[in-house]
Protein chains: 2
Amino acid sequence: MKKELKKVVQNELNPNVSVDCVIFGFDLERLTVLLIDRGGNTKNIGPRLALPGNLIYNNENIDQAANRVLEELTGLKDIYLEQVGAFGDPNRICKDADREWLQSIRAEPEARVITVAYYTLVKMPDYAPQASSFAKTIGWASVNQINELAFDHFEILQAAKEKLKQKIKIQPIGFNLLPEKFTLSQLHRLYESILEKPLDKRNFRRKIQKLEIITSLKEKQRGVPHKPSQLFEFNEVRYQELTQNGFDNFGF
Amino acid sequence: MKKELKKVVQNELNPNVSVDCVIFGFDLERLTVLLIDRGGNTKNIGPRLALPGNLIYNNENIDQAANRVLEELTGLKDIYLEQVGAFGDPNRICKDADREWLQSIRAEPEARVITVAYYTLVKMPDYAPQASSFAKTIGWASVNQINELAFDHFEILQAAKEKLKQKIKIQPIGFNLLPEKFTLSQLHRLYESILEKPLDKRNFRRKIQKLEIITSLKEKQRGVPHKPSQLFEFNEVRYQELTQNGFDNFGF
DNA sequence: ATTTGAAAGTGTTAAATTGACACGAAGTAA
DNA sequence: TTACTTCGTGTCAATTTAACACTTTCAAAT
């Protein structure tokens with residue numbers, strides 16, 4: 001058994017633990033996810049598209065790492081973030097972004113990496129993706145048009161979708177995917193996209209309105225070639241009141 | 001930045017990643033959890049009681065590690081197991097069990113350890129805890145009498161309880177905590193323990209029976225100083241049939 | 001033998017929730 | 001003015017939920 005000394009340097013990347021982010025968006029039609037294109041050079045193994053992610057530093061906790069990766073990538077802070085879980089086969093290979101660095105400190109380019117996956121919900125108008133140090137190209141993809149991803153990222157994406165599906169049945173987190181002002185139809189389509197099944201329009205509206213967590217604005221949609229829709233906003237204050245009074249049935 | 005070479009030895013413990021198990025049981029009165037006593041020697045920091053856990057090997061995946069720890073501890077295989085998530089502050093200290101080993105290979109006894117927590121459900125008659133290489137003492141504790149645990153284990157326990165609570169609202173996993181033959185009252189108390197709220201007896205029984213996933217045996221309870229209860233067993237086959245036909249409403 | 005104690009088992013009703021279902025209204029574009 | 005598109009709205013039957021109390025059956029004690 002090898003027993004070389006390896007000092008833990010605090011502000012160094014930990015070569016064994018990474019964070020991957022499933023960043024969900026909603027283009028008002030479909031649920032989307034932010035993917036990076038790792039490029040097509042021959043050194044890559046498997047599909048080009050991958051979830052954004054990176055190794056964690058030894059002096060940050062896992063949630064911080066997820067927020068950091070997210071901010072580095074999107075510039076957004078304080079956005080809705082939920083852990084999906086830990087993933088990691090022994091044969092999982094390390095990220096391209098860190099491959100060179102890893103090679104410089106270890107004998108093998110393929111390391112045992114555990115990744116902790118998170119999913120996050122962003123309002124698309126708040127963020128237009130652009131290339132970064134992470135990836136040559138980056139962009140939104142429609143979630144259910146994705147068939148494969150690099151590493152075990154497809155599996156992670158499926159797990160994240162499932163978590164989101166379960167969560168939205170219990171808590172009204174969908175508003176994190178919509179602009180501040182939205183229509184009931186948009187909310188309706190959002191729920192259908194996430195739950196992957198049709199919901200009756202009138203029943204949906206009845207149910208949402210009874211929750212008393214959205215406020216009707218005096219404003220209407222403009223410039224649409226049909227009857228303009230009433231705009232609403234999420235009533236955060238009211239929602240807090242309700243949950244603090246033990247009300248927890250926001251279910252679908 | 002230090003860049004010493006560190007070869008990844010496959011069948012060696014990974015000093016950065018551990019698995020902790022929240023092993024739930026049910027003593028027919030309360031929900032219980034298996035804890036180890038780390039002993040009272042002065043080298044220990046914080047509370048004596050902790051969740052069982054251990055570092056993972058580089059050549060096993062995380063689920064395998066959890067099953068291994070579980071089998072080493074209880075001798076049980078193939079029991080219900082669900083991931084809670086990854087935990088790990090930068091200042092988290094490593095396990096006693098491995099402290100000496102860790103000290104032998106690294107400069108600092110306190111390492112950055114990420115732990116992946118699991119919860120499992122065991123039928124108590126199947127397992128009577130006994131001391132092992134893990135711990136001097138080991139035993140069941142009533143879940144809601146626990147106020148503190150070593151490391152961040154209390155936080156993990158709370159998260160596991162919450163996951164279990166959510167899960168049992170959706171899937172009939174409670175049977176994993178009961179003996180093969182059980183009474184409706186026992187099942188009733190189990191649900192109340194997990195959900196931490198009273199459930200009306202008659203409504204509970206009606207609801208369970210309508211699910212058609214328990215079978216009434218011809219046998220009754222014996223030797224009790226009151227009217228003996230009908231015994232039931234979980235109908236695994238029927239349950240599979242229902243789920244495969246898309247039925248998914250086992251909710252509470 | 002009788003009594004006592006303790007949990008088992010059982011049904012109804014009112015209220016709330018769900019699911020199914022169709023058409024007039026309000027805007028833009030041609 | 002017409003055509004097109006989406007918005008917005010109510011009822012009814014079926015199902016589900018919540019609240020509620022008394023009799024039965026056994027063992028143990030007297």
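Given the structure is predicted, the values throughout are model-derived calculations rather than measurements. Proteins come first, then strands; the chains are lettered A, B, ... in the order of their sequence lines, and each starts at number 1.
Position along DNA chain D of the nearest nucleotide to Gly251(B) versus Gly223(B) favours Gly251(B) as the more 5'-ward residue. Position along DNA chain C of the nearest nucleotide to Lys227(A) versus Asn249(A) favours Asn249(A) as the more 5'-ward residue. Of the two residues near DNA chain C, Pro225(B) and Pro228(B), the one whose nearest nucleotide lies more 5' is Pro225(B).
One finds a salt bridge joining Glu241(A) and Arg238(A) here, because a Lys/Arg side-chain nitrogen approaches an Asp/Glu carboxylate oxygen to under 4.0 Å. Here Lys197(A) does not pair with Glu192(A) in a salt bridge; the nearest charged N to carboxylate O distance is not below 4.0 Å.
Distance Leu231(A) CG to dC7(D) P: 11 Å, rounded to the nearest Å. With rounding to whole Å, Leu199(B) atom CG is found 9 Å from dA18(D) atom P. What separates NZ of Lys201(B) from P of dA19(D) is a distance of 16 Å, to the nearest Å. Between the CD atom of Gln209(A) and the C1' atom of dC7(D) there is a distance of 13 Å, rounded to whole Å. Nucleotide dT5(D) holds its P atom 22 Å from the CZ atom of Arg222(A), rounded to whole Å.
For Tyr118(A) against Gln83(A), the heavy-atom pair with the smallest separation is OH-NE2, 3.3 Å.
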Set out, line by line, the N/O atom pairs under 3.5 Å between protein and nucleotides 10-12 of chain D.
{"unit_1": "dG10(D)", "atom_1": "O6", "unit_2": "Arg202(A)", "atom_2": "NE", "d": "3.4"}

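At least one side-chain heavy atom of Asp152(B) sits under 4.5 Å from a side-chain heavy atom of Ile156(B). Taking 4.5 Å as the limit, some side-chain heavy atom of Leu195(B) sits within range of a side-chain heavy atom of Lys165(B). Side chains of Ile214(A) and Leu184(A) form a contact here, defined as non-hydrogen atoms less than 4.5 Å apart. Within the 4.5 Å cutoff, no side-chain heavy atoms of Gln221(A) are placed close to those of Lys227(A).
One finds a side-chain N or O of Ser185(A) lying less than 4.0 angstrom from the OP1 or OP2 phosphate oxygen of dC7(D). Within the 4.0 Å cut-off from OP1 or OP2 of dT6(D), not a single side-chain nitrogen or oxygen of Ser229(A) is found.
Residue contacts for Gln221(A): at a heavy-atom cut-off of 4.0 Å it reaches no nucleic acid atom on any strand shown. Note on Lys207(A): only backbone sugar-phosphate atoms sit closer than 4.0 angstrom, heavy atoms only; bases stay farther off. Using a 4.0 Å heavy-atom criterion, one finds that Lys210(A) contacts the sugar-phosphate atoms exclusively.
For Thr115(B) (side chain) and Ser18(B) (main-chain N/O), a donor-acceptor pair under 3.5 Å exists by modelled atom type.
Counting 5' to 3', DNA chain C first comes under 4.0 angstrom of a heavy atom of chain A and last does so at the ends given by dT17(C) to dT28(C).
Both the sub-6.0 Å distance and the 45° axial angle are not jointly satisfied by Lys163(A) relative to the ring of Tyr119(A).
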